[in-house]
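One structure is given below, encoded as structure tokens.
Every chain is numbered from 1, with letters handed out A, B, ... down the list of sequences.
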There are 2 protein chains.
Amino acid sequence: MAKEKKLVEAITSMEDDFAQWYTDVVKKAELCAYSSLKGCMILLPAGYAIWENIQKELDTRFKETCVENVYMPMFIQESLLQKEKDHVEGFAPEVAWVTQGGAETLQERLVVRPTSETLFCDLYANIVQSYRDLPKLYNQWCSVVRWEKTTRPFLRTTEFLWQEGHTAHATEEEAEERTIKMLNVYADFCEQVLAIPMIKGRKTEKEKFAGANSTYTIEALMHDGKALQSGTSHNFGDGFAKAFGIQYTDKDNKLQYVHQTSWGMSTRIIGAIIMVHGDNSGLVLPPRIAPTQVMIIPIMQHKEGVLEKAIELKETLSKKFRVKLDDSDKKPGWKFSEQEMRGIPIRIELGPKDIEANQAILVRRDTREKLTVSFDELEIKLATLLDNIQADMLERARIHRDQHTYTAKTKEEFKDIIAKKPGFVKAMWCKEQSCELKIKEETGATSRCMPFEQEKISDTCIYCGKPAKTMVYWGKAY
Amino acid sequence: MAKEKKLVEAITSMEDDFAQWYTDVVKKAELCAYSSLKGCMILLPAGYAIWENIQKELDTRFKETCVENVYMPMFIQESLLQKEKDHVEGFAPEVAWVTQGGAETLQERLVVRPTSETLFCDLYANIVQSYRDLPKLYNQWCSVVRWEKTTRPFLRTTEFLWQEGHTAHATEEEAEERTIKMLNVYADFCEQVLAIPMIKGRKTEKEKFAGANSTYTIEALMHDGKALQSGTSHNFGDGFAKAFGIQYTDKDNKLQYVHQTSWGMSTRIIGAIIMVHGDNSGLVLPPRIAPTQVMIIPIMQHKEGVLEKAIELKETLSKKFRVKLDDSDKKPGWKFSEQEMRGIPIRIELGPKDIEANQAILVRRDTREKLTVSFDELEIKLATLLDNIQADMLERARIHRDQHTYTAKTKEEFKDIIAKKPGFVKAMWCKEQSCELKIKEETGATSRCMPFEQEKISDTCIYCGKPAKTMVYWGKAY
């Protein structure tokens, strides 16, 4: 058994060192490799396949709301980036600059896109003339670059993959409606497919996107009690439209500025999947996003009929599920560890005695629960089991989050919770930025969002004691 | 009718000026827009949707051959690019250089990837140890940058989208087999899905990829008689493996170098679709790749029941086909022109009289042929018609290519054909580069490939008269 255990032992336990556990899982589940270039990661097949499934699911949902995909250049001229004041201030310090093309030094430096608001605005200024041209509901799947000093796989890297939606509308109301609609698309996707419950809310002025009127966010709680911003949706009002001159003629033949939104979700969400569901044996993937849902592992595969039956099962089950067969020459125990490390939701153990008894053993990755199932019922039981795993994972994540969500009525109570109990803290705020800054300074917690579902925890701001205007979710964040 | 005609009249006829016709189609069919940055194009929804379909089709075919997708960084350190001598010489003159990240000047310049051989080699050197780790069959979908002086949408742009497959194998034979396998995947895809027949063959030493032992290519003939290299597959032998130290321990415990391949197809192929199938009314898309296969255009849609029936048809037919309904307030003639410009394979015309007669009019985009079809048979007829269009388009493209493929036995004959008859010229060659260079110099034609299907046109090289070693397809190329 010594050899089989190696793989598991190589992971630091999450209770000992959560950060190291995370890095270990990313590496041992072969999701990422580091490249020679600091801060840039390589998405290996196991990691990229998760992203492909995320793309498929989100893209279908986007298209159901009439979004169309496009592709914009990866370079932005410096002068274009500078057109919107807040936006350039937010991004210029962290971009990569191209200064030379071929043998020539460029007359104007180019930025490798950190986000593409300016490019979409430049396009919309050219192609939007009349109210008939609206709305424009464009999205692109691409990579972006932000020059980060400290990086962690998926959570913060110099280059990362994402989608960025950019829309232009005739009215303020329509833009706001789209902003909220896309936030809901993200939240529903995370709950239904990734089994991660989300807090939906609005960012404070301090935390909003550079150039936005308002930023909405979905926030999740990781297993270690830290928060992760998982997707954002911004309402730009007509700020960018004025900076870029995006105007249309309305039905009364009057010139109007468009109202814009943007919204994005990135490979960062894979970090959330790892940190919400993973355990000390590695990754645990929700069935709906798992690239492989079922791993068949033959026992004593040299015995006559075992491998044949395994192959037959694989072929039958592949019509309904994403199935793999591990017929390598490794020992079964080692194969179990690998399947667990990679987070594959169900393994089917299949030995000569099982075959004789017309049955197989099903093992759930999330609970380790074992079920003996007759071959005749395998398909139906697998479908039910995958549904149950999906539902149970969401439920466990919700319970964990709720158990780590606290309320604070006073500054002292707040500080005490932040210091001792990792999690969300719900507390009242006066909406003054000075209080928000002080809270961060003194506790390390940031405002995650002003949730749509408001509660009245107390009457006054926990920091200054003045009348409270809103409840805020606070927490330490990735 | 004046207004309806505008759209069509706006296209230059291909007989008058093929290059201008091409640019007009790209613009009027709304496939691309130019960005503010010279040489970078924007893929608009109609253009990007074609690329999405190409991706889906190719990706499925790749995965059937066990290829896995990954994502590599977009930046390459200068020192990494320089490891393979021929490779860096081939690409260094045409790359974009990043010299600054955030506020700091980089100690080592970075190249925005023009292709990713060096990154994959760097990865394989780290992750390949034993024969058990082989083969590695990785692919990525991404964009690459080559600093081009003169650009044309799809055909030559500073940034373009593509896929690049990179594989590592234990043996020379296996690498060669993979190289040919992927060339066949490309050729079959182009014939079956894009309705473009391909000449498969090997590139000459002069035309092969920088760093490859051998480059295989598929070559298509455009409507104007120019050739387009449409996909390439390279066998690297162990050249890169030696430069990057990619070694594995074989079954006898001896250290061996891996043998590598790479293969790619890009958005350039959309240029081929336009130039093979298009006509003076615009784009003509093969049904299997068309984002919209059927456009329903109601006639007198204000009359009771017309729009209702159109919506009903759209819903029914959408279960089997990619269908859109144009219910805008434009005139039918204008809608016809738009549908034709966009290359939608079939339009259904539906007026009050048709509805009364329980029928609709089907019009083929490729031949303009009209069919009256009863509603009861619509589904079956559409399926057949789409299949027929697909087959006829391939057949027409094949006939056009064959009619524009000539043979030359002497230099004089060759020069005469190249000067007067645009197309492929099959002619014999001695395999000396000096003859190849002279032919190019004197005629402007380049060697497209040494085809797998060889013929003996004559005994001697058309240029030097020495004994011929191979037949070559020559032509002027994009």
Those residues at least two apart in sequence (or on a different chain) that pass side-chain contact (heavy atoms from CB on, under 4.5 Å) with B:P291 are B:A49, B:I50, B:N53, B:L285
In terms of heavy-atom proximity below 4.5 Å to chain A, should [X] be classed as side chain, backbone, both, or neither?
{"X": "B:E104", "value": "side chain"}
{"X": "B:L161", "value": "side chain"}
{"X": "B:R109", "value": "side chain"}
{"X": "B:I76", "value": "neither"}

Verify side chain to side chain contact (heavy atoms under 4.5 Å, CB included) between B:R132 and A:D329, making sure each step is shown before the conclusion. CA-CA 10 Å; B:R132 286 170 205 264; A:D329 57 6; 3.1 Å; yes
With side chains defined as the heavy atoms from C-beta onward, is the minimum distance between [X] and [Y] less than 4.5 Å?
{"X": "A:L43", "Y": "B:V70", "answer": "no"}
{"X": "B:F75", "Y": "A:S35", "answer": "no"}
{"X": "B:L44", "Y": "A:L123", "answer": "yes"}
{"X": "A:M41", "Y": "B:P73", "answer": "no"}
{"X": "A:W97", "Y": "B:V98", "answer": "no"}

Heavy-atom nearest pair, A:R113 first then B:E159, reads NH2-OE2, 4.4 Å
For [X], is it the side chain, the backbone, both, or neither that has a heavy atom closer than 4.5 Å to a heavy atom of chain B?
{"X": "A:V111", "result": "neither"}
{"X": "A:D59", "result": "side chain"}
{"X": "A:Y138", "result": "side chain"}
{"X": "A:N126", "result": "neither"}
{"X": "A:A103", "result": "backbone"}

So the salt bridge (Lys or Arg N to Asp or Glu O under 4.0 Å) pairs with at least one residue in residues 30-55 of chain B (sequence neighbours excluded) are A:K63-B:E52, B:E30-B:R342
Greatest number of non-hydrogen atom pairs under 4.5 angstrom with chain B, of A:P45, A:A96, A:C40, falls to A:P45
If you tally heavy-atom pairs under 4.5 Å between each of A:T157, A:V145, A:T158 and chain B, the highest tally belongs to A:V145
Rounded at 0.5 Å granularity, tell me how far [atom1] in [X] sits from [atom2] in [Y].
{"X": "B:W141", "Y": "A:Y48", "atom1": "CH2", "atom2": "OH", "answer": "9.5 Å"}
{"X": "B:L106", "Y": "A:L37", "atom1": "CG", "atom2": "CG", "answer": "9.0 Å"}
{"X": "B:M74", "Y": "A:C142", "atom1": "CE", "atom2": "SG", "answer": "8.0 Å"}

**OP:** Might you work through the side chain to side chain contact (heavy atoms under 4.5 Å, CB included) test for B:Y71 and A:I42, ending with a clear yes or no?
**Re:** CA-CA 6 Å; B:Y71 185 76; A:I42 294 165; over 6 Å; no
Of B:N69, B:T99, B:V95, the largest count of non-hydrogen pairs under 4.5 angstrom with chain A goes to B:N69
